[in-house]
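After the structure tokens below, expect a handful of questions from me.
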Amino acid sequence: MRALGIDQWAAVVGPSLGGMQVMQWAIDFPDSLRNAIVIAAAPKLTAQNIAFNEVARQAITSDTEFHAGRYYEHDTVPRRGLMLARMLGHITYLSDDAMRAKFGRELQAGKLSFSFDSEFSVESYLRYQGRQFVDRFDANSYLLMTKSLDYFDPAARTDDDLAAALAPAKARFLVMAFTSDWRFSPTRSREIVKALLDNHKRVSYVEIEAEHGHDAFLMPIDQYLAVFGAYMERVAAEGTAPEVAA
Amino acid sequence: MNMRRDLELIADWIRPGSHILDLGCGDGALLAHLAETKSITGYGLEIDPDNIARCIARGVDVLQIDLDRGLVGFRQRRFRLRRHDAVAAGTAFPGPGP
């Protein structure tokens, strides 16, 4: 921030792990941001959520090409492990409804082959997603990012009192969640909102109707765009107000 | 400025700087008006997505809540009705329930 010569961000926006980051910034640097936009996040992960991350990590670290993380020195990458991690993650980022609508029980070849090749469309889709991911994502980054998710728990420092953890924040908040997101569900976003309300902080909460699960935050959903757009226009307008510019 | 008569009437009853909860705040016109004329703080509760976007465009703090299901997840500790100086329920109870 200092390197960029910026004293205060008009808004800091983040989805998922990014949303947690936004919360942490708002707590640690209250004067450095005016608006905190927290999308599809949670105040901390549940055991189930950590469990999914752990299976993904095990897939990577148990790949024989992992080499204790020094795979580039061996001119290789743990493709198989990273692919499995992504396949698992991808399932949890979609909703049951979205998968049913997209694939149902549709077959690749029109009929069953009674083999372990990919038969159902959902299987080939997941394999494709996994393979694609390997080419654009680093395994160690995946490990560290899932660890960051697991560790995030701002209320750990305040006796599990999230309201107390968020008390220092000065930003105005916009919290958004998606109805079919079961990995970072609206219930978890409401916990954040409640903690802000307990502090009488300025906050808006919007629950976007969407069938794409956690992935919804990447989708151009009308209501999502309308709310986000309206908020950011407001941010831009207020940013030029004399009392803020001064 | 073409001010709505009902907004002015309500504004007359509000002490400056009050904390207001507007149940069924619609497009947020009342809260925006009170913020401008009486420097109030507070929240609007609304269920309609289009209205919620309008509230946000006006700079009104709005919470998407289905009041028929109660203040699920929110009704604890300090977020209680009596902590607000005034509660407006313009469109929250438009008629008998289903």
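Chain A is the first sequence line, chain B the second, and so forth, proteins listed ahead of strands; every chain is numbered from 1.
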Does atom CG of A:Asp222 have more than 12 heavy-atom neighbours, drawn from other residues, nucleotides or ligands, at distances under 6.0 Å?
->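 Result for CG/A:Asp222: open.
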Would you find more than 12 non-hydrogen atoms of other residues, nucleotides or ligands less than 6.0 Å from A:Tyr125 atom OH?
->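 Buried by this count: over 12 neighbours within 6.0 Å.
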Taking atom OH of A:Tyr128 as the centre, does the number of heavy atoms from other residues, nucleotides or ligands within less than 6.0 Å exceed 12?
->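 No, the 6.0 Å shell around OH holds no more than 12 heavy atoms from other groups.
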Within a strict 4.5 Å, meaning less than it, do heavy atoms of the A:Val193 and B:Leu63 side chains meet?
->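 Side chain of A:Val193 against side chain of B:Leu63, heavy atoms only: contact under 4.5 Å found.
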A:Arg202 versus chain B, heavy atoms under 4.5 Å apart: side chain, backbone, both or neither?
->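 Backbone plus side chain of A:Arg202, per the 4.5 Å heavy-atom cut-off to chain B.
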What do you reckon, is CZ of A:Arg2 surrounded by more than 12 foreign heavy atoms closer than 6.0 Å?
->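 No, the 6.0 Å shell around CZ holds no more than 12 heavy atoms from other groups.
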Note, A:Leu197 side chain near B:Tyr43 side chain (heavy atom, < 4.5 Å) |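 With C-beta onward as the side chain, the pair touches.
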From A:Tyr205 OH over to B:Ile65 CD1, what is the distance, rounded to the nearest 0.5 angstrom?
->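 These two atoms lie 9.0 Å from each other.
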How long is the gap from CD on A:Glu207 to CD1 on B:Ile47, to the nearest 0.5 Å?
->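 Rounded to the nearest 0.5 Å, the CD-CD1 separation comes to 9.5 Å.
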Closest-packed option against chain B by number of heavy-atom pairs under 4.5 Å, given A:Glu209, A:Gln223, A:Met232 =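 Highest number of heavy-atom pairs under 4.5 Å: A:Gln223.
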Looking at CE of A:Met176 and CD of B:Gln64, how far apart are the two atoms once the value is rounded to the nearest 0.5 Å?
->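 One gets 11.0 Å once the value is rounded to the nearest 0.5 Å.
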Region of A:Glu233 in contact with chain B, defined by heavy-atom distances below 4.5 Å |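 The answer is neither part of A:Glu233.
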For atom CG of A:Asp159, is the number of surrounding heavy atoms from other residues, nucleotides or ligands below 6.0 Å larger than 12?
->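 No, CG of A:Asp159 has 12 or fewer neighbouring heavy atoms, counting only those of other groups under 6.0 Å.
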Donor-acceptor pairs under 3.5 Å, side chain of residues 51-59 of chain B to any protein atom, not counting sequence neighbours: which ones?
from, atom 1, to, atom 2, distance (Å)
B:Asn51, OD1, B:Arg54, NH1, 2.8
B:Arg58, NE, B:Asp27, O, 3.0

